[in-house]
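A short worksheet on the structure shown next.
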Amino acid sequence: MSLHPDRHDPATLGESSRAVHAGNIASTAGDPIRTPIVMANSYALPEDPTTISWSGTDTPLYTRNSGTNQLGLQRKLASLEHAEDAVVLASGVAALHALFFTTLSSGDHVVATDIGYVALRRLLEELLPRKYGVTATFVDTSDPSAVEAAIRPETRLIHTEAIANPTTRVADIAALAQVAHRHGALLSVDSTFTPPGWYRPLEDGADLVVHSLTKYINGHGDALGGAVLGRAELIAPVRADAMVDVGGIISPFNAWLIMRGSVTLPLRLRQHAANAQALAERLESDPRVALVHYPGLASHPQYEAATRQFPAGAGAVIAFSVQGGPEVQNRFVSNLRLITSAVSLGHDESLIAQVSPDEPHVVNFPRVFQDNGLLRLSVGIEDTDDLLADVGAALDQTFPGA
Ligand SMILES: *Cc1c(COP(=O)(O)O)cnc(C)c1O
């Protein structure tokens with residue numbers, strides 16, 4: 001069994017059809033019509049092995065270079081993101097490392113978002129400076145002029161999240177792409193909060209996109225994965241250097257799970273966004289809630305950029321805090337019955353996690369979140385009314401007699 005061109009040409013298909021068909025191995029009579037899990041390290045060599053490249057990555061050879069499930073998933077993700085090429089890795093953090101490891105060299109400088117995934121901060125503030133001699137400046141990437149002011153002659157990369165984890169601050173990607181390109185730098189966007197269906201940063205001028213596949217794209221909370229996507233000439237070195245030679249490869253089983261989970265991505269995103277909008281409005285209208293940030297609310301500081309960039313849905317993560325200190329946030333969370341207290345996001349089930357005001361990466365958060373702590377609610381695909389009832393009952397229990 002080998003990879004043939006897709007039976008259907010995904011380039012001519014709509015989003016839901018791509019989510020179903022892209023990346024599947026075309027079948028000849030008698031083949032399974034779904035790509036099976038191929039748990040093999042090595043693939044049979046051709047008659048004349050001198051014709052192959054030992055570091056080749058486009059036909060199955062050795063699973064650290066190119067396995068069947070990895071190749072299919074890469075093809076599918078590239079199709080969904082409208083990217084020329086994609087490389088998949090073991091986790092979202094492996095994808096971030098691969099991006100930085102490949103695009104940056106000793107002496108280079110990065111301008112990065114000052115609000116972002118916690119491992120991003122550790123990578124850029126501690127590990128890359130110490131181990132690779134790369135430096136970073138952290139700025140508010142919702143302000144393109146602040147980004148431009150931080151650029152130095154040695155700035156090679158601007159890195160942001162389209163919607164920032166955990167505060168939901170929104171970056172204007174088209175404006176940042178202009179800044180980057182005016183200064184000969186690349187723009188990379190972690191689009192984990194806004195998978196294809198909600199946003200495609202490449203279409204607004206981003207050069208590279210990163211996803212934690214662990215989140216919405218898999219969507220079922222049962223596998224980790226990461227991806228880097230972009231133009232072929234930028235992805236080829238990510239694959240050769242960070243995947244084949246550093247080796248943070250995805251397992252065939254996880255690639256298969258993510259391939260299967262992603263089939264329903266467009267369907268799931270519609271329910272995620274509708275639920276998140278309803279919950280955000282419910283929370284904002286309640287006097288027991290101190291602050292709500294959700295990019296679909298008119299009160300969001302970047303509401304205008306959010307509605308322009310994400311017309312199909314402004315994500316499904318809500319940052320909020322109830323009135324009171326961290327211990328009241330705790331009480332509220334423990335009063336929830338349907339919504340699960342756990343880290344991660346983008347799962348089918350709603351998840352809530354507390355970010356304590358004492359955590360070292362809590363910088364430049366809105367004042368209320370700095371004082372109270374922040375609750376990050378990843379709204380799932382349950383029934384809207386059940387989620388609204390759970391939040392309402394937990395508020396009543398947390399503020400008895402209020
Ligand atoms: C979860 C997350 C990551 C890291 O992904 P893993 O798959 O857990 O390694 C990176 N960026 C963002 C925005 C995330 O939410």
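Counting convention: from 1, in listed order, for ligands and their atoms alike. It should be emphasised that the depicted structure is a prediction, and the values quoted were computed from it without experimental measurement.
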Which N/O atoms of ligand 1 sit under 3.5 Å from a protein N/O, and at what distances?
unit_1: ligand 1; atom_1: 5 (O); unit_2: Ser212; atom_2: OG; d: 3.0
unit_1: ligand 1; atom_1: 7 (O); unit_2: Gly92; atom_2: N; d: 2.8
unit_1: ligand 1; atom_1: 7 (O); unit_2: Ser212; atom_2: OG; d: 2.8
unit_1: ligand 1; atom_1: 7 (O); unit_2: Thr214; atom_2: OG1; d: 2.6
unit_1: ligand 1; atom_1: 9 (O); unit_2: Gly92; atom_2: N; d: 3.0
unit_1: ligand 1; atom_1: 9 (O); unit_2: Val93; atom_2: N; d: 2.9
unit_1: ligand 1; atom_1: 11 (N); unit_2: Asp190; atom_2: OD2; d: 2.7
unit_1: ligand 1; atom_1: 15 (O); unit_2: Asn165; atom_2: ND2; d: 3.1
unit_1: ligand 1; atom_1: 15 (O); unit_2: Lys215; atom_2: NZ; d: 2.8

Are Gln354 and Leu374 packed together at the side-chain level, in the sense that at least one heavy-atom pair is separated by less than 4.5 angstrom?
no
Check whether Glu382 reaches the backbone of Ser350 with its side chain - one donor and one acceptor, N or O, closer than 3.5 Å.
yes
When the ring centroid of [X] is compared with that of [Y], is the distance short of 6.0 Å?
X	Y	result
Phe369	His293	yes
Phe193	Trp198	no
His361	Tyr117	no

Answer yes or no: is there an ion pair linking Arg130 with Glu126, defined by an N-O contact shorter than 4.0 Å?
no
